2 protein chains.
Amino acid sequence: MSNPSTQAGSAASRSPASPAPGRTGRGRPPRLDQARTIETALALLDDSGLDALTMRRLAETMGVQAGALYRYFATKDDLLTAMAERMVGEVAAPDGAAEWSERLSGLAGSLRQALLAHRDGARVFAGTHSTGPNTLGFADTGIGILRDAGFADEEAARALMAVTNYTVGHTLEEQAALCPGGGGPADAGVLRDAVTAGTYPHLTAALPALTSLDFTPHFEFGLGLLLGGLRALS
Amino acid sequence: MSNPSTQAGSAASRSPASPAPGRTGRGRPPRLDQARTIETALALLDDSGLDALTMRRLAETMGVQAGALYRYFATKDDLLTAMAERMVGEVAAPDGAAEWSERLSGLAGSLRQALLAHRDGARVFAGTHSTGPNTLGFADTGIGILRDAGFADEEAARALMAVTNYTVGHTLEEQAALCPGGGGPADAGVLRDAVTAGTYPHLTAALPALTSLDFTPHFEFGLGLLLGGLRALS
DNA sequence: ACCTGAACACCGTTCAAGT
DNA sequence: ACCTGAACACCGTTCAAGT
């Protein structure tokens with residue numbers, strides 16, 4: 001975890017030809033490689049969003065034809081998987097000295113931050129399933145925290161899945177609300193109008209909280225519920 | 001809730017021209033309408049999945065040219081929003097006599113079932129933001145359960161968001177694991193290989209649980225954590 | 001070995017024109 | 001009022017051919 005050097009992950013290893021594993025000095029140096037492609041793709045994601053991230057635009061940004069990308073990634077999905085794997089590499093390892101519940105909430109919060117660090121990061125993560133070292137390391141760390149706290153293997157696995165699924169679900173909403181036509185400042189008004197047009201007494205009472213753009217307390221409330229439930233089990 | 005008659009929701013009302021609101025007997029009866037289009041789109045979704053659900057294929061299925069669909073839905077996203085709204089209409093109203101925690105878990109379980117009822121249902125739901133009556137009714141019901149249980153407005157709102165985000169995040173994983181190349185029986189082997197290739201002691205111990213395809217206990221475990229956390233607050 | 005050029009089989013969306 | 005036909009501006013992916 002917290003690995004700044006790019007690891008493409010196992011998905012990228014399904015590429016058609018392993019690109020220059022032992023680079024000899026012969027031939028022109030390639031203008032493309034996996035790491036630079038992933039980095040450029042993440043920059044393009046930040047600039048333009050997932051819907052505008054096309055193989056053609058990425059190729060143009062890298063000064064190359066679209067077909068050339070397929071020497072390094074078998075499909076666009078493989079590229080997205082490598083991007084997700086790269087993002088998870090930014091998850092910070094939690095403080096080993098802290099209480100298990102603090103370590104676990106730190107891990108979840110760090111995953112959220114890693115996804116928030118890139119536009120549409122949660123959508124990229126939710127749409128892929130990396131089995132690269134960063135993703136496996138994340139899971140091993142999380143399950144380790146819970147096993148060390150005394151939870152059985154199955155409970156530890158299920159608890160980490162719950163925390164991860166909640167974190168991804170929350171961050172998906174958070175990023176959708178924050179930016180485009182997805183539900184941000186524009187959509188708060190739309191929701192307000194729809195609620196007041198109908199007869200939704202509870203929704204009306206909760207509307208200020210529901211349309212708040214301060215997502216961190218929302219995230220921490222839900223995370224606190226999961227941790228509270230876990231504490232009740234131990 | 002539990003509304004079998006199709007309501008397109010507010011997103012569909014943004015359509016370019018309101019289609020035949022007061023139908024007079026004059027003119028040919030239209031070959032298209034919102035309700036039939038949504039139904040056909042859901043059937044096509046079940047047959048072929050979200051990636052194969054294109055405006056052109058949907059039009060072909062309905063015996064019409066692709067452009068004709070745009071008289072009823074301004075964009076493909078509006079159609080997907082109406083499909084999500086239709087799916088949420090299948091959520092069952094929880095038993096009003098039961099305990100608040102049972103009503104809330106019943107609501108979450110019913111949302112999961114409504115999403116599982118259609119191939120890629122969770123992806124469609126996660127990718128849209130309906131403000132139609134079914135979706136608003138769902139939220140009003142959930143927040144109402146919590147307010148009636150004594151939770152303050154803000155807590156009730158945050159708790160329902162947590163439960164909903166968890167349910168969507170879980171079901172996204174469940175449907176990804178179940179079907180295509182997404183991570184099903186095929187991907188269990190891939191994960192197993194990746195884990196045993198590296199050195200992930202905790203992951204190895206948890207692998208049987210992680211690769212289990214029996215998702216209902218997984219879902220209920222996480223839901224139980226959220227409810228346990230809520231009980232600790234009340 | 002690495003990339004180009006060009007093609008294949010598609011997309012979502014628009015809009016004049018027909019009926 | 002409702003739909004067709006045809007176009008516009010794109011997609012992901014493949015692959016012979018060049019260097």
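Because the structure is predicted, anything quoted here is derived from the model rather than measured. In what follows, chains are A, B, ... by sequence order, proteins preceding strands, each numbered from 1.
A distance of 5.0 Å separates CG in L69(B) from CE in M55(B), rounded to the nearest 0.5 Å. In this structure, CZ on F215(A) lies 10.0 Å from CG on L116(A), to the nearest 0.5 angstrom. The CD atom of Q34(B) sits 9.5 Å away from the CG atom of L79(B) when rounded to the nearest 0.5 Å.
dA9(D) and dC10(C) have their P atoms separated by 22 Å, with the value rounded to a whole Å. Distance check on atom C1': dC3(C) versus dC15(D) gives 12 Å, rounded to whole Å.
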Given protein heavy atoms under 4.0 Å, the one-letter contact record of nucleotides 6-19 of chain D, with B base, S sugar-phosphate only and - none, is simply -B---BBBB----B
Here DNA chain D, pairs taken as Watson-Crick or G-U under 3.5 Å and shown with ( ), [ ] when crossing and | when to another strand, reads ||.|||||...|||||.||
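The closest side-chain donor-acceptor pair between E173(B) and H218(B), if any, does not fall under 3.5 angstrom. When only modelled atom types and interatomic distance are considered, R119(B) and S48(B) share no side-chain donor-acceptor pair under 3.5 Å. Counted by atom type alone, D46(B) and H118(B) present one or more donor-acceptor pairs between their side chains at under 3.5 Å.
A straight line from OH of Y72(B) to P of dA1(D) spans 12 Å, rounded to a whole angstrom.
Taking a cutoff of 4.0 Å between a charged side-chain nitrogen and a carboxylate oxygen, D47(B) and R57(B) do not qualify as a salt bridge.
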Can I get a per-line list of side-chain donor-acceptor pairs under 3.5 Å for residues 190-200 of chain A, giving both atom names and the distance, sequence neighbours left out?
| residue | atom | partner | partner atom | Å |
| --- | --- | --- | --- | --- |
| T196(A) | OG1 | R192(A) | O | 2.9 |
| T196(A) | OG1 | D193(A) | O | 3.2 |

